[in-house]
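Written out below as C-alpha cells is the structure these notes cover.
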Amino acid sequence: MESKLKHVAIIMDGNGRWATQRCRPRYYGHQKGAENILTISQELNNRGVKYLTLYAFSTENWTRPQREVDYLIKELPFIIYNRFKSHLEKKNMRFFVSGRTEGIPHKTLDLLRELEETSKDNEGLEVVFAYNYGGKAEMLDAFNKAIASNIKTIDEDVLRSNFYAPHVPDVDLLIRPGGEKRLSNFLLWQTAYSEIYFSDIYWPDFNEDE
Ligand code: FPP
C-alpha cells in the first residue's frame with residue numbers, strides 16, 4: 001500500500017513522566033519508549049510510509065543528569081540493537097543515523113552503523129534515528145560544510161545536500177505526544193510546511209489508534 005504520507009517525524013516525549021506515574025525510574029520509561037518504536041514503525045511500514053524520523057537524543061539532552069545521559073548513549077543503544085536487528089530484517093526496513101557524532105561513544109556508533117549497514121538494501125520504511133541531533137546544529141554544520149567546499153553561493157539545494165540525511169524528503173506529518181506544543185529544535189528546515197499533531201498521551205502509550 002502506498003501512503004500519501006511519505007515522511008512522518010516523531011518527538012518521542014513523555015517517557016520520564018510515564019515512568020514517574022508508575023513509581024518507576026525514568027530509564028524504565030525510555031526503555032518502554034524504545035520498545036514502542038517497534039510497534040509504530042511496523043504500523044507505518046504497513047501503511048506504506050517511506051521515512052520515519054525519531055528524535056532519539058537531542059543536542060540539548062546532554063544537560064540531563066549524567067546517569068540518564070549514560071543510559072541514553074551507552075545502554076539503550078544495546079537494547080535498540082538487539083531488538084532492532086531482527087525487526088528490520090523481518091519487516092524489510094532500513095535504519096539510518098542522523099546527527100553529530102562528537103561525544104557519542106565509539107561502541108554506540110559502531111552498533112548503530114552496523115544496523116545501518118546490514119539493513120541498507122531493504123526496501124520498506126526507513127527509520128531515521130536523530131541522535132545527538134539539533135535543527136540549529138544541522139543547519140550550521142551544513143553551512144560550514146558548504147563553505148569548506150569553496151562554494152560561492154549557498155542555495156536551498158546546496159544546503160539540503162549537506163544535511164545529515166540529504167536523501168530524506170521534507171516532513172509531511174510531525175507528531176509530538178506528551179502534552180508539550182513546541183518543536184524543540186527538531187528538523188527546523190524540514191518541517192517548514194508540515195502538518196503537526198500534538199497529543200497528551202505519553203510516548204510509551206502512543207499506539208496505532210492514536
Ligand atoms: C523524551 O522524554 C525522550 C527522550 C529524551 C529520549 C527518547 C528516546 C527513546 C524512546 C529511545 C531512543 C533510543 C536511544 C538509543 C536513545 P522525556 O524524558 O523528556 O520525558 P518527560 O518529558 O516525561 O520527562
Side-chain angles (χ1 to χ4, degrees), residues 8-44 51-85 87-88 93-116 118-119 125-135 137 164-165 174-187 197-207 210:
V8 174
I10 305 181
I11 300 174
M12 302 181 289
D13 198 16
N15 296 339
R17 281 165 288 162
W18 183 91
T20 305
Q21 247 183 8
R22 288 160 179 77
C23 305
R24 304 292 296 263
R26 290 176 58 84
Y27 80 85
Y28 181 68
H30 293 315
Q31 192 180 317
K32 284 289 172 194
E35 282 167 21
N36 199 30
I37 297 173
L38 298 177
T39 313
I40 297 299
S41 60
Q42 185 174 328
E43 181 65 23
L44 294 178
Y51 300 92
L52 166 65
T53 302
L54 298 165
Y55 212 1
F57 188 82
S58 82
T59 45
E60 285 72 41
N61 285 157
W62 294 105
T63 58
R64 292 189 174 213
Q66 193 56 44
R67 253 187 94 199
E68 188 172 347
V69 171
D70 282 347
Y71 184 75
L72 290 168
I73 65 166
K74 291 184 183 156
E75 292 179 47
L76 200 50
F78 281 85
I79 297 173
I80 293 273
Y81 176 84
N82 288 325
R83 299 295 306 271
F84 257 64
K85 210 167 162 28
H87 177 74
L88 294 167
M93 290 181 202
R94 283 188 311 284
F95 186 84
F96 191 83
V97 196
S98 154
R100 282 185 172 164
T101 50
E102 296 95 63
I104 304 292
H106 282 294
K107 275 190 188 165
T108 299
L109 278 178
D110 287 349
L111 282 183
L112 299 176
R113 295 277 182 237
E114 193 188 322
L115 285 181
E116 241 181 43
T118 53
S119 68
L125 177 80
E126 177 167 322
V127 180
V128 180
F129 242 53
Y131 199 57
N132 197 15
Y133 177 91
Y164 303 129
L174 172 72
I175 299 173
R176 181 168 191 157
E180 305 287 346
K181 294 186 175 66
R182 55 173 180 255
L183 288 180
S184 299
N185 199 17
F186 188 40
L187 298 171
Y197 178 67
F198 295 108
S199 163
D200 288 334
I201 289 175
Y202 296 148
W203 170 246
D205 284 334
F206 193 92
N207 60 21
E210 265 291 307

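This one's a predicted model, so the numbers in the text were calculated from it and none came from an experiment. Remember, it's 1-based here, ligands and their atoms both numbered in the order they're listed. Along the sequence shown, residues are numbered consecutively beginning with 1.
- Remark: Y202 pairs with no residue by the ring-ring contact (aromatic ring centres under 6.0 Å, His included) rule, at least two apart or across chains.
- Numbered from 1 in the order shown, with element, the atoms of ligand 1 that lie under 4.0 Å from a heavy atom of R17 read 21 (P), 22 (O), 23 (O).
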For a side-chain contact (heavy atoms from CB on, under 4.5 Å) check, start with the C-alpha distance between L187 and L174, then their side-chain angles and the critical distance, and finish with the verdict.
CA-CA 10 Å; L187 298 171; L174 172 72; 5.6 Å; no
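- On a distance-only criterion, D13 and ligand 1 share at least one N/O pair closer than 3.5 Å.
- Near M12, meaning under 4.0 Å from one of its heavy atoms, ligand 1 places the atoms 1 (C), 2 (O), 3 (C), 8 (C), 9 (C), 10 (C).
- When heavy-atom distances to ligand 1 are checked against a 4.0 Å cut-off, E180 has no atom that comes that close, whether in backbone or side chain.
- For ligand 1, the polar-atom distance check against N15 finds a nitrogen or oxygen pair separated by under 3.5 Å.
- Remark: distances from the non-hydrogen atoms of F129 to ligand 1 include one below 4.0 Å.
- Between F84 and H87, the ring centre distance stays below 6.0 Å.
- Contacts of W18 with ligand 1, taken as heavy-atom pairs under 4.0 Å, are absent altogether.
- Regarding atom 19 (O) of ligand 1, its nearest protein heavy-atom neighbour is R64 NH2, 2.8 Å.
- Residue contacts with ligand 1 for E60 are absent, since no atom lies close enough (heavy atoms, distance under 4.0 Å).
- Taking the six-membered ring where tryptophan is involved, the planes of F95 and F129 are tilted, since the angle between them lies from 30° to 60°.
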